[in-house]
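The block underneath contains the structure these notes are about, expressed in structure tokens.
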Amino acid sequence: MRIETLPEEFVKAQPIIDTIEAAGYEAYYVGGSVRDTLLNLPIHDVDIATSAYPEEVKSLFKRTVDTGIEHGTVMILDHGTGYETTTFRTESGYQDYRRPDSVKFVRSLKEDLNRRDFTINALALKTDGTIIDYFDGLGDLKKHRIRAVGDPEKRFNEDALRMMRAVRFASQLNFDIDADTIAGIEHHGRLLTKIAVERIHVEFVKMLLGNWPAKGLDVFMNTGLYQYCPDFEPYKDQFNQLRSQLTSGLSNETAVWTLLAVTFELSSKQVNQLLKDWKSANQLIDDVQVAVKAVHAITTQTVDAWTLYQTGHDLIAIANEVAGQLGDSTYPTADLLAQYDALQIHAKRALAITGQDLMAAGIKPGPQLGQALNYLERQVVEGQLNNQKVGLLTAAINYLNEKA
Ligand SMILES: Nc1ccn([C@@H]2O[C@H](COP(=O)(O)OP(=O)(O)OP(=O)(O)O)[C@@H](O)[C@H]2O)c(=O)n1
Ligand SMILES: [Mg+2]
């Protein structure tokens, strides 16, 4: 089969392939960009595979970076955007279920495609639009099917992360997973525990951000794969409930973990532990903590000015999205955001008075100065006081006098 008009990303990368071919080697576009083009989806990175050895590739271009030279990958910078170019290779060993003990560079495209994970990811594209398809990846694309190249057991033994990739693609593409491939996941789920949590994290989140999350979750649950992810084992029922509730993909990673935290009914301490175990960034942990509180306020209809203020614009939208997914939101997001926008201040620094001002009025530095500012902040947010200097100063003095 031949694609008539190639997306411009490929046209831009063509000089690279032309240069390699002119030197007598073969070069093709491979991987996700070929798959996504055939599915009429936008493409992210254009990957190139070539029969030229890494040193041969480097000799053909002026500017290259050894991004993964030991497994044959060189980044070529000669034509603007960097293009990763990888020498055809076979892999062997895999004693740790994630990395081959050795890679061997080969001159045959077929051998290279043969080591790849799924048939839809094992297609190659020539610059003239011709598709090379040794494993009926085109047939599987048509049937909306994810099928391992060759023996699934072998594929998952080589790299156990591929089991998570299978469920992630199911969710992103609305594809089914072939029965033998599912059986392979059932047999090898436990190998996931050998894989770095960071890599599992990426695939898990991509699964829930996919447009058909229930599709991926089905296999994730039915094969028992979930049990081999950090901390998920006790939450089978909650996951199954989610699978029937989730109608569309979530909008970002914060939404994913907030939804899980609420569904699992985790305490703030447990949220922290879960996200730490999943090797999450501190910013994500903080955001999820805030969003979870906001979801509870939304679902119990106790959203007030102070909650909105503490949650902030972006997390209000996320929290309401999560509440909506749980069938629990009675507020349109636009209303919540309008209420938020209408607050007099959106940060403490926007108060019309500072600690300096209070000290200039005779209030001594120390804890009570901080307490007075906190009091003013809350009063202004709640609309009890106007955000004006003179009034705030009087209110601060009254507050401290009453306390004394
Ligand atoms: N565990 C893996 C990871 C990748 N690949 C191969 O390397 C290609 C590129 O990998 P990657 O960019 O991780 O995935 P994509 O399929 O390109 O998906 P995405 O669109 O998410 O980048 C894949 O298509 C597949 O042929 C593989 O065989 N086994
Ligand atoms: Mg890719």
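All ligand and atom numbering here is 1-based and tracks the order in the structure. All of these numbers come straight from a predicted model, not from anything done at the bench. Just the heavy atoms: all of them, side chains too, but no hydrogens, waters or symmetry mates, feed the values below.
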For [Y], is there an ion pair with [X] - N to carboxylate O distance below 4.0 angstrom?
| X | Y | result |
| --- | --- | --- |
| Arg378 | Glu382 | yes |
| Arg165 | Asp117 | yes |
| Arg89 | Glu70 | no |
| Arg63 | Asp78 | no |
| Arg168 | Glu203 | yes |

Check each N or O atom of ligand 1 against all protein N or O atoms and list the pairs under 3.5 Å, with atom names and distances to 0.1 Å, one per line.
residue  : atom   : partner : partner atom : Å
ligand 1 : 1 (N)  : Asp159  : OD2          : 2.9
ligand 1 : 13 (O) : Arg165  : NH1          : 3.1
ligand 1 : 14 (O) : Arg165  : NH1          : 3.3
ligand 1 : 14 (O) : Arg165  : NH2          : 3.3
ligand 1 : 16 (O) : Arg35   : NH1          : 2.8
ligand 1 : 16 (O) : Arg165  : NH2          : 3.4
ligand 1 : 17 (O) : Gly32   : N            : 3.1
ligand 1 : 18 (O) : Arg35   : NH2          : 3.4
ligand 1 : 20 (O) : Arg35   : NH2          : 2.9
ligand 1 : 20 (O) : His44   : NE2          : 3.2
ligand 1 : 21 (O) : Arg168  : NH1          : 2.8
ligand 1 : 21 (O) : Arg168  : NH2          : 3.2
ligand 1 : 26 (O) : Arg116  : NH1          : 3.0
ligand 1 : 26 (O) : Asn121  : O            : 2.9
ligand 1 : 28 (O) : Asp117  : N            : 2.8
ligand 1 : 28 (O) : Arg162  : NH2          : 3.2
ligand 1 : 29 (N) : Arg162  : NE           : 2.9
ligand 1 : 29 (N) : Arg162  : NH2          : 3.2

Are more than 12 heavy atoms from other residues, nucleotides or ligands located less than 6.0 Å from atom NZ of Lys389?
no
